[in-house]
Amino acid sequence: METTSVHPDIDQLLNFQPLQALDQERLVELASTIHIESMDAGTTVFKRSNNDDYTLLLLEGELELTAADGKKNHIQAGDPSATNPIARLRPRRYEVCAKTNIRILRISNKLLQDMPDSESGYEVSGDSTEESTEYEDALSRRFLEDLQKDQVTLPSLPEVAIRIGRAITDEHSTADKIAALIQTDPVITAKLIKAANSALYGGSTPVDSCIGAVVRLGDDITHKLVLTYTLRDLFNSRSVLLQKRMKALWKHSTRVAAICQVLARITKRFDPEHAMLAGLMHDIGSVAVLNYIENCHTEDLQAATVDHAVENLRAQTGGMILRSWGFATDFIVTALEAEEWMRNKGPEPDYCDLVIIAQLHSMVGGDKAFELPAIDQVPALRRLKLGGLTPKMSLEILEKAENQIIQTEAMLNF
């Protein structure tokens with residue numbers, strides 16, 4: 001092992017989620033104290049059961065983590081998983097080796113005694129705050145194996161949404177043609193007319209026809225609302241346990257979508273309907289995972305098993321679904337990264353930042369709030385330039401916009 005005399009710079013430190021909570025003075029002190037270590041491929045970084053008092057952060061290269069049962073996991077610098085400390089639980093539960101030449105930061109935990117505990121609100125790469133059962137892990141492995149073999153049936157975008165999307169992108173399409181396509185589905189037609197007459201979009205006189213609704217709403221909003229109403233049917237299951245999860249998922253998704261729309265209007269930097277749809281679909285991967293579990297015909301299915309599988313698989317699966325549907329990159333990124341609470345990517349804020357803040361808004365005062373970082377700690381807040389938002393102010397904003405949020409939620413549930 002070779003230890004260089006190079007100190008990390010502050011930008012390098014800010015790539016790691018737990019360090020993003022430190023102020024500038026603390027970051028400068030930390031950067032001047034620690035060194036970057038370089039290791040060759042094949043070097044053992046630490047062994048399992050090691051009880052050292054260091055935090056390990058990966059700057060460059062790839063690590064291989066081997067558990068007691070022989071199961072291996074790889075972490076590549078730059079991946080979301082590498083923004084957290086590597087296998088921080090003590091004693092170490094993994095043997096960690098350099099898969100390639102690597103550069104790391106090995107920081108004494110004494111230097112980090114003022115740093116917020118990364119296990120309260122942040123995940124640690126290679127570790128889990130709760131032991132998963134062998135069956136829970138087996139279910140996740142089986143899903144990934146079947147996914148690689150193309151044996152997982154992913155949800156299809158409803159045909160009516162596809163046809164209307166094509167018509168709207170066709171410059172020769174008219175409101176009459178778009179309305180005619182929508183009217184092939186009477187349920188969606190009724191919902192669209194109701195939306196056009198709602199407090200969000202209604203005019204001085206009510207509309208009573210599909211073409212009137214299309215004209216009032218415009219092509220873009222019409223398309224997004226049709227997508228919304230067709231997606232609702234995907235959130236269903238024959239299993240009592242899984243249907244409960246589906247209902248909770250839809251409720252969460254519509255709440256986040258409504259808050260996204262409100263925040264988009266507050267910031268005036270995002271399209272409100274685009275933001276609403278991004279919020280609605282950020283958890284679409286969970287639908288596919290729940291459908292897969294239902295088709296496994298597992299008789300003794302437990303709630304904890306379902307939650308474990310959804311948590312492990314939702315992001316990757318959601319990204320695959322939205323790619324297969326041909327959705328724009330910002331929707332795909334949101335599905336993949338909307339629960340990376342300390343995400344800080346790109347020079348400009350994006351829809352994923354908006355969904356992160358909307359999710360944290362939706363959980364203020366709820367059972368899960370204590371597990372999550374405070375709203376004023378996440379980079380998305382600074383990137384969106386929402387001001388000095390605190391949990392208390394978050395509640396105030398929600399209270400002031402509650403009528404609008406309720407109206408949007410009601411419209412999504414027509």
Side-chain angles (χ1 to χ4, degrees), residues 161 164-165 168 188 191-203 213-214 216-232 234-235 249-284 318 322 327-335 337-339 348-366 375 378 380-381 383-387 389 393-414:
I164 292 168
I168 287 174
I188 295 210
K191 290 180 177 181
L192 200 66
I193 293 172
K194 194 172 181 180
N197 289 317
S198 69
L200 291 173
Y201 303 114
V214 172
R216 171 170 292 177
L217 295 169
D219 290 354
D220 186 57
I221 294 177
T222 294
H223 186 212
K224 287 183 170 65
L225 290 179
V226 168
L227 279 170
T228 296
Y229 296 138
T230 55
L231 287 173
R232 177 66 183 89
L234 299 179
F235 289 70
L249 182 61
W250 178 252
K251 182 178 180 181
H252 168 72
S253 298
T254 53
R255 181 71 175 176
V256 170
I259 297 172
C260 277
Q261 187 186 58
V262 167
L263 291 178
R265 287 178 174 147
I266 291 173
T267 65
K268 298 180 180 179
R269 303 180 69 178
F270 300 91
D271 175 78
E273 278 65 42
H274 194 92
M276 180 185 72
L277 193 57
L280 190 71
M281 296 200 302
H282 78 279
D283 241 347
I284 193 66
L322 295 177
F327 272 70
T329 301
D330 48 12
F331 287 100
I332 297 168
V333 169
T334 298
E337 301 176 3
E339 291 191 3
E348 296 294 332
D350 57 15
Y351 284 93
C352 188
D353 291 319
L354 201 66
V355 173
I356 286 171
I357 293 297
Q359 287 198 90
L360 293 175
H361 266 295
S362 73
M363 297 175 191
V364 169
I375 293 175
V378 299
L381 181 72
R383 289 161 57 80
L384 291 168
K385 294 181 172 59
L386 289 174
L389 194 61
M393 289 179 64
S394 175
L395 287 173
E396 291 175 355
I397 288 175
L398 286 180
E399 287 171 1
K400 290 178 182 178
E402 187 62 25
N403 285 338
Q404 187 177 345
I405 292 171
I406 289 172
Q407 289 168 3
T408 300
E409 285 184 287
M411 182 191 67
L412 295 174
N413 285 286
F414 282 161

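Quick caveat, the model's predicted, so the values are computed rather than measured.
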Problem - Check: Ala195 main-chain N/O paired with Ser198 side-chain donor or acceptor under 3.5 Å - result: yes
Handout entry: His274 and Phe331 aromatic ring geometry - parallel, tilted or perpendicular at 30°/60° bounds
Key = tilted
Practice task
Would you check if Asn413 and Lys251 make a side-chain contact, meaning some heavy-atom pair closer than 4.5 Å?
Solution key: no
Problem - Distance-only polar pair, side chains of Glu339 and His282, donor-acceptor under 3.5 Å - result: no
Practice task
Run through Leu277, Ile356, Asp271, Thr329 and flag the one making a side chain to side chain contact (heavy atoms under 4.5 Å, CB included) with Tyr351.
Solution key: Asp271
Handout entry: Leu354 and Pro349, any side-chain heavy atoms less than 4.5 Å apart
Key = no
Exercise for the section: Would you check, one step at a time, whether the test side chain to side chain contact (heavy atoms under 4.5 Å, CB included) holds for Lys191 with Thr228? Expected result: CA-CA 10 Å; Lys191 290 180 177 181; Thr228 296; over 6 Å; no
Practice task
Measure from the side-chain N and O atoms of Arg383 to the backbone N and O of Glu348, and report whether any donor-acceptor pair falls under 3.5 Å.
Solution key: yes
Handout entry: Interatomic spacing from CG in Asp220 to NE2 in His223 - rounded to 0.5 Å
Key = 8.5 Å
Exercise for the section: Decide yes or no for Asp283 and Phe235: does some side-chain heavy atom of the first lie under 4.5 Å from some side-chain heavy atom of the second? Expected result: no
Practice task
Quick one: pull up CD1 in Ile266 and CD1 in Ile357 and give me the separation to the nearest 0.5 Å.
Solution key: 11.5 Å
Exercise for the section: Please tell me if the side chains of Thr254 and Leu280 come closer than 4.5 Å, counting only heavy atoms from C-beta onward. Expected result: yes
Exercise for the section: Please confirm whether the backbone N or O of Lys224 pairs with a side-chain atom of Glu273, one donor and one acceptor, at under 3.5 Å? Expected result: no
Exercise for the section: Taking all heavy atoms of Gly279 and all of Cys260, pick out the closest pair and write down the distance. Expected result: CA-SG, 4.0 Å
Problem - Side chains of Ile405 and Arg255 in contact at under 4.5 Å (non-hydrogen atoms) - result: yes
Practice task
Please tell me if the side chains of Val256 and His361 come closer than 4.5 Å, counting only heavy atoms from C-beta onward.
Solution key: no
Practice task
To the nearest 0.5 Å, tell me how far Leu225 CG sits from Thr230 OG1.
Solution key: 10.5 Å
Exercise for the section: To the nearest 0.5 angstrom, please state how far the OG1 atom of Thr222 sits from the CG atom of Leu217. Expected result: 4.5 Å
Exercise for the section: Give, for atom CG of Leu381 and atom CG of Asp353, the distance between the pair rounded to the nearest 0.5 Å. Expected result: 10.0 Å
Completion exercise
Nearest heavy-atom contact between Pro272 and Ala264 is CA-CB, 3.8 Å
Exercise for the section: Indicate yes or no: at least one non-hydrogen side-chain atom of Phe327 is less than 4.5 angstrom from one of Thr334. Expected result: no
Exercise for the section: Taking the side chain as every heavy atom from C-beta outward, state whether Gln261 and Glu409 have any pair of such atoms under 4.5 Å apart. Expected result: no
Exercise for the section: Please report the shortest heavy-atom distance between Tyr201 and Ile221, naming the atom on each side. Expected result: CE2-CD1, 3.9 Å
